[in-house]
Amino acid sequence: MANERIEQKREEFQNNDSSSDEDDSDEDNSMQIGNSNSNNRRKTSEPSPGDLLHHDMGTGLPFRPATFDACISISALQWLCYSNSNKQVPKRRLMRFFSSLYKVLRRGARTVLQFYPETSEHAILISECAAKVGFAGGIVVDYPNSTKAKKHYLVLSFERAYKAPQGLSGMEGALLNEARTGVRVADKDPKRAGKRKGEGAPRKKKGGGKTKEWILHKKETQRKRGKDTRKDTKYTGRKRPMRF
């Protein structure tokens, strides 16, 4: 009797395990489309707000022609410039992507692809591949003199006479933020606010001597702090005669 119970429980466990595997496989296939690598599959319990497709963009976009009115991408295009195996050629992957993008977009659509090229050769390769397919436009660089805020945008259009807009510089970006929010952000340190070259407190001479402007500023600062300070006279800051 004991052996029969053990065998019965073992069969029930195997049946439950096989049914759970089938449910998991169906769930993976329904959530992710066109992904053959099982190691990259992700499971999520929350439903997606829109249509979700997990696909390698280097193999082309699997959509019908003239499906979309616009395309936006953030920090994805630069990964096509790298190869994970000997079979992957960056130029071929870029050409497949742009040729498929050209097909799935409707005429008159616009495309903005933000990316981070590692070298200038990557940026040139990306722009050349987009132009060979038939796109017009170019690369727009915001804050070109900044190391942290610098961003590259590939702006594309079907219009042959289309010209990419100018990128934002440091002053234009500050004015744009001020126009959007209506508030200008000042310096965190009030002592440094408004202090530029030639502005602020007067400095001493190169040899360490004190100028009259420096002395007057120093005395005014001490008065504001409530310290006892002598009054200003015509002899304040005057150079004393040399001793014999």
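In this structure a side-chain-to-backbone donor-acceptor pair under 3.5 Å is present from Ser100 to Leu61. Remark: side-chain polar atoms of Arg160 are paired, donor with acceptor, to backbone N or O of Gly134 under 3.5 angstrom. No donor-acceptor pair under 3.5 Å is formed between the side chain of Arg110 and the backbone N or O of Ala70. Panel note: side chain Thr67, backbone Phe63; no donor-acceptor pair is recorded below 3.5 Å. Between the side chain of His55 and the main chain of Gly60, a donor-acceptor pair closer than 3.5 Å is present.
Dense packing is recorded around NZ of Lys219, with more than 12 heavy atoms of other residues, nucleotides or ligands lying under 6.0 Å away. More than 12 heavy atoms of other shown residues, nucleotides or ligands fall within 6.0 angstrom of atom CZ in Arg106. Environment of CZ in Arg230: sparse, with no more than 12 heavy atoms of neighbouring residues, nucleotides or ligands closer than 6.0 Å.
Annotation: the span from Cys81 atom SG to Leu94 atom CG amounts to 5.0 Å, rounded to 0.5 Å.
When each of Pro90, Pro117, Ser127 is paired with His122, the side chain to side chain contact (heavy atoms under 4.5 Å, CB included) condition holds for Pro117 and for no other.
Leu168 approaches Asp142 most closely through the heavy-atom pair N-OD1, 2.8 Å. What you find for Gly58 and Arg96 is that their closest heavy atoms are O-CB, 3.5 Å. The minimum heavy-atom distance linking Lys150 with Pro144 is given by the pair CD-O, 3.8 Å.
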Going through the distances and angles, do Asp232 and Arg223 end up as a salt bridge (charged side-chain N to carboxylate O under 4.0 Å, His left out)? CA-CA 12 Å; Asp232 299 336; Arg223 292 191 187 97; 3.1 Å; yes
Between Phe97 and Val133, does the side-chain contact (heavy atoms from CB on, under 4.5 Å) criterion hold? Intermediate values first, please. CA-CA 10 Å; Phe97 168 71; Val133 171; over 6 Å; no
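Within the 6.0 Å centre-distance limit, the rings of Phe158 and Tyr102 are counted as a close aromatic pair.
Remark: the Tyr82 side chain and the Gln88 side chain contain no N/O donor-acceptor pair separated by less than 3.5 Å.
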